[in-house]
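Nothing fancy with the numbering, it's 1 onward along the sequence.
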Amino acid sequence: MADEVAAEAALVSVDLDPLLTGARFGDPGEALERLEEQLPRLENADDPERLLQGLCGRIGLLRLVGAGEEDLVQACDLLERAADDQRQPVWRAVARALRAQTSVDAGDVAAAMGDLGEIDLDQVEAGFSSLAGHRLLEILSDVYTRLRLHDRADEARQRIEESVTSRSLLDAAAHWVGWGSELAHRAVEPIARGAEEPDLVLLDEAAEIAARVDDLDPGEVPDRLVRAASGIRALAAAYRGRSSESLRLLARDAFADPQDLPSTERQVLILAAMRAHALLGSVATARSLDEAATQHVGTLTDLVFEVARARERLWLETHAGGNPAPVLRRLTELLARLAWQGMDLVTDTARQSLEHHVLRAESRTDALTGVGNRRALDEELRAMLRDGPLPMALVLVDLDGFAQINDRYTELVGDEVLRRVATA
């Protein structure tokens, strides 16, 4: 029996970090199978943090293998219930952010904003330096960027930056590549709108952030992250007219479609390579890169890069004596799909929805103590009676002699007493 217990403990103690790293930078299908084998053991172990980490990682893996919306929502719900059971508000916020991310993938902005509106960053700020806090801010930055709520995305990235030195080198590298990719996407948007060049200030900022990966121990950073960081810098160099530097940074990715990279990073590298080759007069190579990368796209981020690349191809065909007609048809179709007015409407709707949820939260919060008021209590009780386990108990607390505190020490002191009792 002792040997069986020891063997079981050894299985539970398996480090999840390499497994989840393999999910992000290796074979997600294999990693998902291995994680599914570990989760039942984690559920029986006395290590709630590892269980929550595993459930969160499972959602990321399901996304990578292309799971459907229903499966992803169920996985997010499972993480949220586990976080509630363990009284882990940061992990609960992570679950809601992941569910919002799933809704954005499905094009349901209203549902996404409903979950985002339930996340109070001020209440979980103390946990930002933890693994859960780091993941929360990364997910929020991605969701806000895709909703084009750039001020909120910048706020999330700045919060990560404040504690990134306390994280692993891998987390730091992933953060800088993610941040740089988000800025590169925003920098390219003017081209999609019809400008002749991107926002070079934003693009230089993206390159500066991505360059921080070079200062890390290369043995600690996966090759895919290093290539993605170099691609961001190559894009900035290409649009600054430094084509040779751009191709040097791209290395082998200057001549082939980097299909093993995530969509945004892949689009950055392809656009950088195409621009650099076009400036050097390597027309055939630029054409082949564009034609190999053309694909059916659906997300706004993909569409922005597709439009930018189509404009580059149009410039190339026009100046190299090619046939611009097919490119014009392609560009017209992409612009119709992009529907910038629709994008602006999405942004406005998202912001209004978020403000609505903030106001709704404020109407259910006591301004003095920050805890829920009578309206919040009524709603919570109805939800618990409808969905929660029975039997249940309600504890009421009365502060005896509180009026005397106000009379003797003034209401300012009385207010402080209420705040301290509320947080006890």
Side-chain angles (χ1 to χ4, degrees), residues 145 176-214 223-295 297 301-320 322 324 327 330-331 334:
T145 295
W176 288 326
V177 169
W179 194 3
S181 297
E182 290 166 4
L183 292 176
H185 165 236
R186 288 164 53 183
V188 170
E189 281 190 1
I191 299 179
R193 288 182 179 273
E196 294 184 358
E197 61 181 22
D199 184 329
L200 293 175
V201 174
L202 263 182
L203 198 51
D204 287 344
E205 183 181 353
E208 180 181 347
I209 291 171
R212 298 174 190 174
V213 175
D214 279 355
D223 175 67
R224 287 166 61 176
L225 278 179
V226 174
R227 290 162 55 208
S230 296
I232 297 167
R233 297 169 61 195
L235 185 65
Y239 276 105
R240 285 293 186 182
R242 304 192 300 271
S243 52
S244 296
E245 177 187 344
S246 178
L247 294 177
R248 177 182 60 79
L249 287 166
L250 289 168
R252 70 176 188 272
D253 291 320
F255 300 93
D257 181 358
Q259 296 185 8
D260 59 325
L261 294 183
S263 179
T264 300
E265 287 84 349
R266 172 175 173 256
Q267 294 270 17
V268 168
L269 267 71
I270 295 171
L271 182 59
M274 187 178 172
R275 174 74 174 187
H277 283 297
L279 290 176
L280 288 175
S282 303
V283 177
T285 303
R287 282 174 176 157
S288 65
L289 284 167
D290 178 50
E291 291 166 0
T294 300
Q295 58 179 339
V297 292
T301 301
D302 285 337
L303 280 170
V304 166
F305 280 106
E306 286 286 334
V307 170
R309 205 173 66 247
R311 290 195 186 279
E312 286 294 329
R313 180 68 181 272
L314 183 61
W315 178 90
L316 180 69
E317 298 300 338
T318 301
H319 289 80
V327 186
R330 168 184 155 200
L331 180 59
L334 288 170

Check this for me, if you would: do E182 and R186 make a salt bridge, where the nitrogen-to-carboxylate-oxygen distance has to be below 4.0 angstrom?
no
Could you tell me the separation between the OG atom of S282 and the CE atom of M274, rounded to the nearest 0.5 Å?
12.5 Å
Salt bridge (Lys or Arg N to Asp or Glu O under 4.0 Å) pairs, two or more places apart, involving residues 268-278
R275-E312
Would you check if the side chain of H277 reaches a backbone N or O of A254 as a donor-acceptor pair within less than 3.5 Å?
yes
Got S230 and L250 here, is their nearest side-chain heavy-atom distance under 4.5 Å?
no
Nearest heavy-atom contact between A236 and A207 is CB-CB, 3.7 Å
Taking side-chain contact (heavy atoms from CB on, under 4.5 Å) as the test, write out the residues that go with P198, two or more places apart.
I191, L200, L203, Y239
Under the salt bridge (charged side-chain N to carboxylate O under 4.0 Å, His left out) test, residues paired with E265 that sit two or more places apart
none
For S243, enumerate each residue passing the side-chain contact (heavy atoms from CB on, under 4.5 Å) test, keeping only those at least two apart in sequence or located in another chain.
A276, L279, L280
With sequence neighbours excluded, what pairs up with A210 under the side-chain contact (heavy atoms from CB on, under 4.5 Å) test?
A229, I232, R233
Taking every non-hydrogen atom, the tightest pair across L183 and A206:
CB-CB, 3.7 Å
For G231 against V268, the heavy-atom pair lying closest together:
O-CG1, 3.5 Å
Of the non-hydrogen atoms in W315 and A278, which two are nearest, and what is the gap between them?
CZ3-CB, 4.0 Å
The test is side chain to side chain contact (heavy atoms under 4.5 Å, CB included); show your working for H185 and Q267 and say whether it passes.
CA-CA 9 Å; H185 165 236; Q267 294 270 17; over 6 Å; no
D204: partners by salt bridge (charged side-chain N to carboxylate O under 4.0 Å, His left out), with sequence neighbours left out
R240
Sub-4.5 Å side-chain heavy-atom contact between L202 and E189:
no
Is V213 close to L225 at the side-chain level, that is, under 4.5 Å between some pair of heavy atoms?
no
Do you know which two heavy atoms are closest between G322 and P324, and how far apart they sit?
O-CD, 3.3 Å
Residue list, side-chain hydrogen bond (donor to acceptor under 3.5 Å, both in side chains) with E245, at least two apart or on another chain:
R242
Who pairs with Q259 by side-chain contact (heavy atoms from CB on, under 4.5 Å), at least two apart in sequence or on another chain?
D257, R266
Return the set of residues passing side-chain hydrogen bond (donor to acceptor under 3.5 Å, both in side chains) with R311 (not counting sequence neighbours), or none when no residue passes.
none
Please report the C-alpha distance between R252 and D260 in whole Å, then the side-chain angles of each, then the deciding distance to 0.1 Å, and finally whether the salt bridge (charged side-chain N to carboxylate O under 4.0 Å, His left out) criterion is met.
CA-CA 13 Å; R252 70 176 188 272; D260 59 325; 5.3 Å; no
Using the rule side-chain contact (heavy atoms from CB on, under 4.5 Å), only one of D253, T264, L235 pairs with L269; which is it?
D253
4.5 Å side-chain heavy-atom contact, V327 and D290:
no
Indicate the atoms forming the closest heavy-atom contact of L289 with F255, along with that distance.
CD2-C, 4.0 Å
Using the ring-ring contact (aromatic ring centres under 6.0 Å, His included) criterion, which residues pair with W176? Sequence neighbours excluded.
none
